[in-house]
Amino acid sequence: MEELIIFVVKQRGAYKLRKFLYYKFLESLGLMRLSSNAGTFIVLELEMYYVRIDEKNLAPFIQKKIIECYPDGMDDISLETVLDCVLDDYNYAFSEKALSFGEPILYESNIDTKHKSFMPFQNGVVEISSKSIERLELGSFPHKRIDSDIIQRSVEIKGAQFLKGEYTKFVWLLADKSLHRFKAFVTVIGYLVHRYKDPANPKIIILLDQVANDSNGANGGVDKSLLIKALSYALRIFEIGGKSFKTDYTFTYDGIDEQTAIMLLNDAPKNAHLDSFFNFSTDAITIHRKYKSSLIIPFEKSPKVVITTNHMIKQTHGNSSERRKYQIELSNHFGANHTPKDEFGHLLFLDWEADSEQWHHYYNFIFFCVQYYLCFGLINPPKINIDNRALLAEVGEELIEFLDEKLAEGITKLHKQDLFNEFVSSGAIINRNNLPAKGTFTRKVKLYFNYKNIDFKETPSDTKKYFEIITDKTIEELTQKDINSVDTDYKLVDTPIKLKKAIKDLKNS
């Protein structure tokens, strides 16, 4: 401090705390308030970054600084008297109130932009764009960071070693050593680490095993969660276990704040529904917190959503659901009988030494993933068993086998009622309580055709009593028809009404 600030004075025989001067003293120490959607909080401003100070730690910090700055007291006021005066006004002097004279500084926890990502380390901020990866000095970076937002490691940028290291190999094995699938995994990691959220293209990442055992069957031990949990060394993740996940529980998301980059639902239960997470991908979210006021996080600062599951996630059918989800399948390289520890001879991350070269490889691979994503966006992975999983989950094994047999017989026209009656009486479903209603049965037959990529139409148009498979012969017959072969009540199309009728008949023919 250039000049000592006298914040205790004697008035009418009593010692009094001059509150504005006391505020100026605290300000001279580097104490200030920052604000975010979660409210205001106290920090100590250092040259390179901020250190957050809880109110419970404020008293010992200030007392220590008073003793350092005023070892002999203030003018004719002894040090003991100065401390007594401050302690007498304890609830004010050691609280956020003492710093309330000035406006708090807005703190942006998410500073990534559409075209750039920033990762702060102890030795600088790594700036990643589609064209470059470089480290900026913390002191010269315009967005000073809180210590809790800084990755507590130093890092070296090693461009030639972006694809080295054990975590990179782990991802390569999850991609089944397929370059196309590996590129997709790289962009998924890049998408999640890049904090910017594009309102025009929100995505919910769903990680699945590539093995579909049965309808909603599990294939545990593939380490889907490790792929995402590994990112906790680069950003903040809020994890919910599938067994404890309840959509109707008020405090399900208590613990999420603006610094949370990823909300991970690990091992989602069968009843999980994609609609439950749409607000994360499109709107501001309200976090209900125990013993605290609710926190509203705007869309652009809310976490991205990742779901790991052994089941197909239920969803409302339509383009909206399909547009928002991104599904990627993991290979079965790892399992109960072959873990990452078996592969590498030790636990990833936990068994790495503090100065291990593996940490540099890990972070450089993360930089590469972000840059690759900024260049190419999310790359769609090849489908391995997703369609088969969806078919099993939504149609059911019994109905699939029943319809497979029908089509194998060469039948191309199926009467809906007869088909339903035959399925019900076939004994394919042992438990009669599981028999579908007729409307549900019809919907499942349509899903079967869609997942099998079988073209069909419902005829006749007025009753739609039949499913008719469109074969090459059907197409040939349709293309040979002309206006004279259309069954209409009149041939002369000379009015708008007649024209609409003719068009309708053509479509239904």
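Computation of the quantities below employed the complete heavy-atom set of this structure, encompassing side-chain atoms and omitting hydrogens, waters and symmetry-equivalent molecules. When a residue number appears, it is its place in the shown sequence, counting from 1.
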- Message: Main chain of I205, side chain of Q327: is a donor-acceptor contact present, judged purely on distance under 3.5 Å?
- Response: no
- Message: Given 3.5 Å as the limit, does a donor-acceptor pair link the side chain of T168 with the main chain of K164, or not?
- Response: yes
- Considering all heavy atoms of both residues, which atom of F367 and which atom of V126 are nearest to each other, and what is their separation? CZ-CG2, 3.8 Å
- Counting only N and O atoms by type, is there a donor-acceptor contact under 3.5 Å from the side chain of Y326 to the main-chain atoms of I379? yes
- Query: Which heavy atom in V395 sits nearest to a heavy atom in Y448, and how many Å separate them?
  - Reply: CG2-N, 3.9 Å
- Task: Please confirm whether K416 makes a cation-pi placement over Y466, using NZ or CZ under 6.0 Å from the six-membered ring centre and within 45° of the ring normal.
- Result: no
- How close do I128 and M119 get, heavy atom to heavy atom, and via which atoms? CD1-SD, 4.1 Å
- Looking at N266, T309, N310, D267, which one forms a side-chain hydrogen bond (donor to acceptor under 3.5 Å, both in side chains) with K224? N310
- Query: Is there a donor-acceptor contact under 3.5 Å linking the side chains of K438 and Q417?
  - Reply: yes
- Message: Using only atom types and a distance under 3.5 Å, with no angle test, would you say the side chain of S117 pairs donor to acceptor with the backbone of T113?
- Response: no
- For A284 against P298, the heavy-atom pair lying closest together: CB-CA, 3.9 Å
- CD (Q152) with more than 12 external heavy atoms under 6.0 Å: yes
Side-chain donor-acceptor distances from residues 256-265 under 3.5 Å, at least two apart:
from	atom 1	to	atom 2	distance (Å)
D257	OD1	R236	NH1	3.4
D257	OD1	Q259	N	2.9
D257	OD1	T260	N	3.3
D257	OD1	T260	OG1	3.3
D257	OD2	R236	NH1	3.2
E258	OE2	N37	N	3.1
Q259	OE1	R236	NH1	3.4
Q259	NE2	D149	OD1	2.4
Q259	NE2	D149	OD2	3.2
T260	OG1	D257	N	3.1
T260	OG1	D257	O	3.3

- Message: Main chain of A336, side chain of H338: is a donor-acceptor contact present, judged purely on distance under 3.5 Å?
- Response: no
- Answer yes or no: does atom OH of Y49 have more than 12 heavy-atom neighbours from other residues, nucleotides or ligands under 6.0 Å? no
- Item | Presence of salt bridge, K383 and E329, under 4.0 angstrom | no
- Query: Which residue pairs satisfy the side chain to side chain donor-acceptor pair (under 3.5 Å) criterion with at least one member in residues 184-205, sequence neighbours excluded?
  - Reply: K197-S302
- Should the ring pair F251 and Y249 be called parallel, tilted or perpendicular, given that the plane angle runs from 0 to 90° and is split at 30 and 60? perpendicular
- Only one of F121, Y233, Y167 clears ring pair (Phe, Tyr, Trp, His ring centres under 6.0 Å) with W359; which? Y233
- Message: On a heavy-atom basis, which atom in F118 and which in V125 lie closest, and how many Å separate them?
- Response: CB-CG1, 3.9 Å
- Compute whether any side-chain donor of one residue and acceptor of the other, for R153 and Y362, lie under 3.5 angstrom apart. no
- Item | Pair F449 + F467: ring centers closer than 6.0 Å | yes
- Item | Polar side chain donor-acceptor pair, Y291 to D254, under 3.5 angstrom | no
- Query: Hey, does the side chain of Q371 reach the backbone of S129 with a donor-acceptor pair shorter than 3.5 angstrom?
  - Reply: yes
- Task: Please report the closest heavy-atom contact between L231 and L227, naming both atoms and the distance.
- Result: CG-O, 4.0 Å
- Would you find a donor on one side and an acceptor on the other, under 3.5 Å apart, between the side chain of D342 and the backbone of T339? yes
- Take E166 and H361 through the side-chain contact (heavy atoms from CB on, under 4.5 Å) test and state the conclusion after the steps. CA-CA 8 Å; E166 292 177 347; H361 292 323; over 6 Å; no
- Can the ring centroids of H143 and F141 be said to lie less than 6.0 angstrom from one another? yes
- Item | Member of F334, F365, F349 meeting the ring pair (Phe, Tyr, Trp, His ring centres under 6.0 Å) criterion with F170 | F334
- Query: Are any side-chain N or O atoms of Y107 and backbone N or O atoms of I146, one a donor and one an acceptor, separated by less than 3.5 Å?
  - Reply: yes
- Message: Can you confirm whether more than 12 heavy atoms, excluding those of I296, are under 6.0 Å from its CD1 atom?
- Response: no
- Item | Under 3.5 Å donor-acceptor, H273 side chain and S276 backbone | no
- Just by distance, do the side chain of S232 and the backbone of K229 share a donor-acceptor pair under 3.5 Å? yes
